[in-house]
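By convention in this document, chain letters (A, B, ...) are assigned in the order of the sequence lines, proteins followed by strands, and residues within each chain are numbered from 1.
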2 protein chains.
Amino acid sequence: MRNKVLQRPSAPYLALWLALLLVVGMPVNARAADGLPSWNDGAAKSAIVDFVQRVTKEGGPDFVAPAERIAVFDNDGTLWAEQPVYFQVAFALDQVKALAPKHPEWKTTQPFKAVLDGDMKTLAASGTKGILQIVAVSHAGMTTDEFAKSVADWIATARHPKLQRPYTELVYQPMLELLDYLRANGFKTFIVSGGGVEFMRVFAERVYGIPPEQVIGSSGMVKLETGADGKPVLVKQAKVEFIDDGPGKPVGINRFIGRRPILAFGNSDGDEQMLEWTAAGSGPRFMGIVHHTDAGREWAYDRASSVGKLDKALDEAAQRGWTVVSMKDDWKTIFPPPK
Amino acid sequence: MRNKVLQRPSAPYLALWLALLLVVGMPVNARAADGLPSWNDGAAKSAIVDFVQRVTKEGGPDFVAPAERIAVFDNDGTLWAEQPVYFQVAFALDQVKALAPKHPEWKTTQPFKAVLDGDMKTLAASGTKGILQIVAVSHAGMTTDEFAKSVADWIATARHPKLQRPYTELVYQPMLELLDYLRANGFKTFIVSGGGVEFMRVFAERVYGIPPEQVIGSSGMVKLETGADGKPVLVKQAKVEFIDDGPGKPVGINRFIGRRPILAFGNSDGDEQMLEWTAAGSGPRFMGIVHHTDAGREWAYDRASSVGKLDKALDEAAQRGWTVVSMKDDWKTIFPPPK
């Protein structure tokens, strides 16, 4: 149909079609640069744009069919901030405090006692698993719908203690642009995070444009029961089901996606196996690490941090030529403007 | 841009645009009917088309945003045949026979002894769980890539004992059309099956147009290890991880999709909870059951069948007005033509 219309263009149509051709025919570089305005020109941005151009160039040696353009992203420290504690920990602590009146036994039981006493040192020592246990135990008996509502309510009202902004505004503007840029180039974007899957799904679609079915995370057991109205409900159990961290990330990718990503982005040693798993496939690959180097605009931490420790993966990145993004040098902006 | 082009159409353009408008403006009924040519006119087809029209009508009272148009399908007996045994059972039996020389102990250990003796009665008594155990144990130590290759090899060579066709040709033509029709109307189609997820993913994209990340099924444990070449591999363990059947189906839907389907299709009591879970949501819903009523072209079975028993769910469908598709009456064709 379009060809027919083009057969005998009169002057005004010709001008319009030429304008259209000009836009469509713009150099890919220019279009790419437009898509990543918060990235400074440099090695990291070039590596991303070069990779995307190679895998999308039809007939090129590195072309990857759209269905295989799977991109996976860690969440905490990669898509949004994670200091001074993982944001889900802040949620869990608020929840434990709110639910404490119904659980007098928590005053004398760890790790709940540590939460109620504000003993962050004991709490930190319990690690990701400890936090997931707190979430699982404190929410046991809730339906999945009730849990989602408690997350949504918290997200709507909680503020980051230092930056005094909603947690969902503490996402990285350059990474939002990268997600959009990849999707515009036929990639399917997934979150693969140690965080709780039912926590992240509440806001991932609105904030990242990533639908619930593309969010992979740690999970607690649920059980099918019959609710008061006779309808089925899924009730959360006091048991961790799956920890999607470290060696769990390739397992989670296999379980949920069923094919190997060609691009992976993380920021800590908990992402090392995901990056290795991505790198081990054949054909073009992109492995990226967000390096927190900006004490002024965000935080600066790596090898010695208790949250988001980046040590072994940083060495491996250097040895293997993975792309390390320096927040201070590579990003013009950190967070989107306040709404 | 299109409006500009339309501003001053000359005669040939006008004719072309009118032709285009004619196509675009065709009654939705006609377009829908075109999409389901293997379905006879009748209550089942009308119910499907009516539902799709209602949820896609922008501004209508039953409109559902595209992102929420989640459709889930059982596989065995719903998208492809399942007689005389689930096709994955045929695969497992062939695998056990092929691997038996390396496992002399199977000659005296159940359920492997039953397989090697051709004792189908003992085998049938072990149920879905028994079959999953056979698959898990017989494939323990294989990498996920090796397992996928063994499935692909089997699919390429095995033939159905009665119909003498490749198993992947024993899919239901009307259901292939339904999958396409739903996707053309903005639905995202998922498989939610008791079958092994790593078995189905090998062919689901090619056969059904459903990518691996939209296939949900039963699974065995896998473990991240380092392969001989130093690269990471996922190795199958001799342990069932998750049974995506009966009450497991809503659990699997929650775990993998994270939102409630608005359309579900099954064929047996193993799908009852998935249909109930779908029905329990608010807004428009479609619950469908494929009823095997065609002894001539396929098989006829329901309440008394050991494979694909349909008893309680058939009663519930009648009570609640779910759509029951009679293969004999509602389908013009069962299988696609041989390739």
Discussion item. If I take atom OG from residue B/Ser268 and atom CG from residue B/Leu314, how far apart are they, to the nearest 0.5 angstrom?
Written reply: 11.5 Å
Worksheet item: So, the side chain of A/Gln88 versus the backbone of A/Gly196: is there a donor-acceptor pair under 3.5 Å, distance only?
Response: yes
Fill in: Contact listing (chain B partner; residues 243-250 of chain A; heavy atom under 4.5 Å)
A/Pro247, A/Pro250
Practice prompt. Output yes when a side-chain donor or acceptor of A/Arg285 lies under 3.5 Å from a complementary backbone atom of A/Pro261, and no otherwise.
Written response: yes
Practice prompt. Over 60° means perpendicular and under 30° means parallel, so classify the ring planes of A/Phe91 and A/Phe147, tilted if in between.
Written response: perpendicular
Item to complete: Check for a donor-acceptor pair, side chain of A/Glu146 on one end and backbone N or O of A/Thr143 on the other, with a separation under 3.5 Å.
Response: yes
Fill in: Heavy-atom pair count under 4.5 Å with chain B, highest-scoring of A/Arg259, A/Lys231, A/Glu198
A/Arg259
Worksheet entry | Which of A/Lys223, A/Glu205, A/Arg201 touches chain B most, by non-hydrogen pairs under 4.5 Å | A/Arg201
Discussion item. Less than 4.5 Å to any heavy atom of chain B: does that hold for the side chain of A/Phe190, its backbone, both, or neither?
Written reply: side chain
Discussion item. Taking the side chain as everything from C-beta on, heavy atoms only, tell me whether B/Trp80 gets closer than 4.5 Å to B/Asn75.
Written reply: yes
Discussion item. Under 4.0 Å between a side-chain nitrogen and a carboxylate oxygen: does that hold for A/Lys149 and A/Asp153?
Written reply: yes
Practice prompt. Measure the CG-CG distance between B/Leu275 and B/Asp269 for me, rounded to the nearest 0.5 Å.
Written response: 10.0 Å
Worksheet entry | Top contributor to chain B contacts, counting heavy-atom pairs under 4.5 Å, from A/Asp229, A/Val222, A/Ile216 | A/Val222
Worksheet item: Contact part of A/Thr144 toward chain B, heavy-atom cut-off under 4.5 Å: side chain, backbone, both or neither?
Response: side chain
Worksheet item: For chain A, which of B/Leu234, B/Val251, B/Val197 has the most heavy-atom pairs under 4.5 Å?
Response: B/Leu234
Worksheet entry | Ion pair check, B/Asp315 and B/Lys312, cut-off under 4.0 Å | no
Worksheet item: Does A/Arg255 count as lying over the ring of B/Phe242, i.e. NZ or CZ under 6.0 Å from the six-ring centre, within 45 degrees of the axis?
Response: no
Practice prompt. Would you mind checking which part of A/Val233 comes under 4.5 Å of any heavy atom in chain B, side chain (CB onward), backbone (N, CA, C, O), both or neither?
Written response: backbone
Fill in: Among the listed options A/Gln273, A/Gln214, A/Glu241, the residue most often paired with chain B at heavy-atom distances under 4.5 Å
A/Glu241
